[in-house]
Trainee: 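Dropping the structure in here first, questions after.
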There are 2 protein chains.
Amino acid sequence: MLTSMEEREPERLPTATLILDVAERLLQIRGFNAFSYADIATELKMSKAALHYHFVGKAELGGELINRYTIRFVAALAALEARVSDAPARLAAYSDLYLALLLEQKMCLCGMLATDFETLPDSMHAGVVAFFDKNEEWLSRVLEDGIEKGALEFEETPSEIAWMIIGCLQGAMLIAKPYGDTSRFKSTASQLFKGLRAPAAKTSRSRAVK
Amino acid sequence: MLTSMEEREPERLPTATLILDVAERLLQIRGFNAFSYADIATELKMSKAALHYHFVGKAELGGELINRYTIRFVAALAALEARVSDAPARLAAYSDLYLALLLEQKMCLCGMLATDFETLPDSMHAGVVAFFDKNEEWLSRVLEDGIEKGALEFEETPSEIAWMIIGCLQGAMLIAKPYGDTSRFKSTASQLFKGLRAPAAKTSRSRAVK
DNA sequence: GTCTATACAGCGATAGAC
DNA sequence: GTCTATCGCTGTATAGAC
């Protein structure tokens, strides 16, 4: 059951879905300006013209990629929230969503688009911002809940913490790329959340001093 | 006086310097795949062929941009270290280097190249990694010094904290771009360093609970 | 829906004159 | 050192047949 605020992923022709799948992967690995209709066509063994039948231009394709990615990401957050009830564990699961991308050598789709932001078609700008806003909203709710239940403790507003989490995880992914490993990402993610746990909750997960 | 480990920025023809200046700005704003010899030539009112006289190809130009940027960045860190003696203040000044970029709508040059990493000429890869390594080394030294002097306190290794700082600041810049403001960056940077200050030093800068 | 063929702009790069 | 001219290729996008 969907609430009025959530959006449903539109039904698509099978071919359109295949195109989005390939384009999404190329975008997350190479960036918006470093993949082409030819790349997608080659991989799917289709002509470039067939792609244009499904997606008029690259700006439209990009817009649809953002929409689908955002809908799926929001759905993953809702599923995560239903599965995990403890706020610190929810934050850890949130960072695991990013870690999963990293294991496939990918960046977050909207993180990649953020670096390409100046060169994107205007029509794609709002979608990128909306993605980050939805992340901030979800994290703020989780953080607030964690405060109320006494599992989390911090001085700043939930929104400020949320932006810190989003930025730090995106940046940790960015740094991971040239090194081709996940160790820096994992270390950063765990440090990030350690400082948010309430003293009582801290003991269960804290590490020994080296 | 330079130590044996530091490199000196090579003397260049005035034109070569102008080319690097323009290319650097375009790269930091648009990314490596979203600026061209034509862009630089137009801006400098020169022909593309003249650019090729100074820099054989785009890979060489990119390599020189990384080298110059790294040398200047390392020099800025050394100057900062000479000017500021307190470890927490050094960290704040470090993040101000990034903030200064953001005020010009720029990303860190190597942060931008990290997102473009998969599509870069192989010859540019090592330079990007070297830039981040130098950042890690400098930060680790500052962090270690802060521990020894009792100004900083943390459980992880200096290296782990250093990577966290680098990643979080790069990511905070990335998030700032689509929003076109510096507020999220500033908030993240201040939170980042707050958790590292030793209790005794904390009182001087801590903020009231909202 | 998919194809071939093609238009047209932009790319990095080179030749050769000045 | 800088130019004009041009090459070969790739980019996005379209026309029109099937």
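Note that these values count all heavy atoms, side chains included, but never hydrogens, waters or copies made by symmetry. Chain identifiers are assigned alphabetically (A, B, ...) following the order of the sequence lines, protein sequences preceding nucleic acid strands; residue numbering begins at 1 within each chain.
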Trainee: Does any residue of residues 11-37 of chain B have a heavy atom under 4.0 Å from DNA chain D, and if so, which ones, in number order?
Mentor: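 Heavy-atom cutoff 4.0 Å gives Leu13(B), Thr15(B).
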
Trainee: Does Asn135(B) reach the side chain of Phe73(B), with side-chain heavy atoms less than 4.5 Å apart?
Mentor: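 Asn135(B) vs Phe73(B): side chains touch.
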
Trainee: Do Ser140(B) and Glu144(B) have side-chain N/O donor and acceptor atoms under 3.5 Å apart?
Mentor: no

Trainee: Go through the steps to decide whether Leu20(B) and Leu61(B) satisfy the test side-chain contact (heavy atoms from CB on, under 4.5 Å), and finish with yes or no.
Mentor: CA-CA 8 Å; Leu20(B) 288 173; Leu61(B) 175 59; 3.8 Å; yes

Trainee: Reading DNA chain C 5' to 3', which nucleotide is the first, and which the last, to come under 4.0 Å of any heavy atom in chain B?
Mentor: dC11(C) to dA15(C)

Trainee: Under the criterion side-chain contact (heavy atoms from CB on, under 4.5 Å), I'd like the reasoning laid out for Phe35(B) against Thr119(A): C-alpha separation, chi angles, the key distance, then a yes or no.
Mentor: CA-CA 10 Å; Phe35(B) 80 95; Thr119(A) 70; over 6 Å; no

Trainee: Please determine, by modelled atom types, if Asn67(B) and Thr70(B) share a side-chain donor-acceptor pair under 3.5 angstrom.
Mentor: no

Trainee: What residues in residues 44-68 of chain A put a non-hydrogen atom under 4.0 Å from any atom of DNA chain C?
Mentor: Lys45(A), Met46(A), Ser47(A), Ala49(A), Ala50(A), Tyr53(A), His54(A)

Trainee: Using 4.0 Å as the upper bound for N to carboxylate O, is an ion pair formed by Asp181(A) and Lys186(A)?
Mentor: no

Trainee: Could you label the plane-to-plane angle of the Tyr69(B) and Phe131(B) rings as parallel, tilted or perpendicular, counting under 30° as parallel and over 60° as perpendicular?
Mentor: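 Tilted.
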
Trainee: Taking Asp116(A) first and then Lys177(B), would you say they form a salt bridge - that is, a charged N and a carboxylate O separated by under 4.0 Å?
Mentor: no

Trainee: Between Glu136(A) and Arg184(B), does at least one N-O distance fall below 4.0 Å, as a salt bridge requires?
Mentor: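 A salt bridge is absent here (no side-chain N lies under 4.0 Å from a carboxylate O).
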
Trainee: Testing the basics here: between Asp145(A) and Ser85(A), what is the closest heavy-atom pair and its distance to 0.1 Å?
Mentor: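 Looking at all heavy atoms of both residues, the shortest contact is OD2-O, 4.4 Å.
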
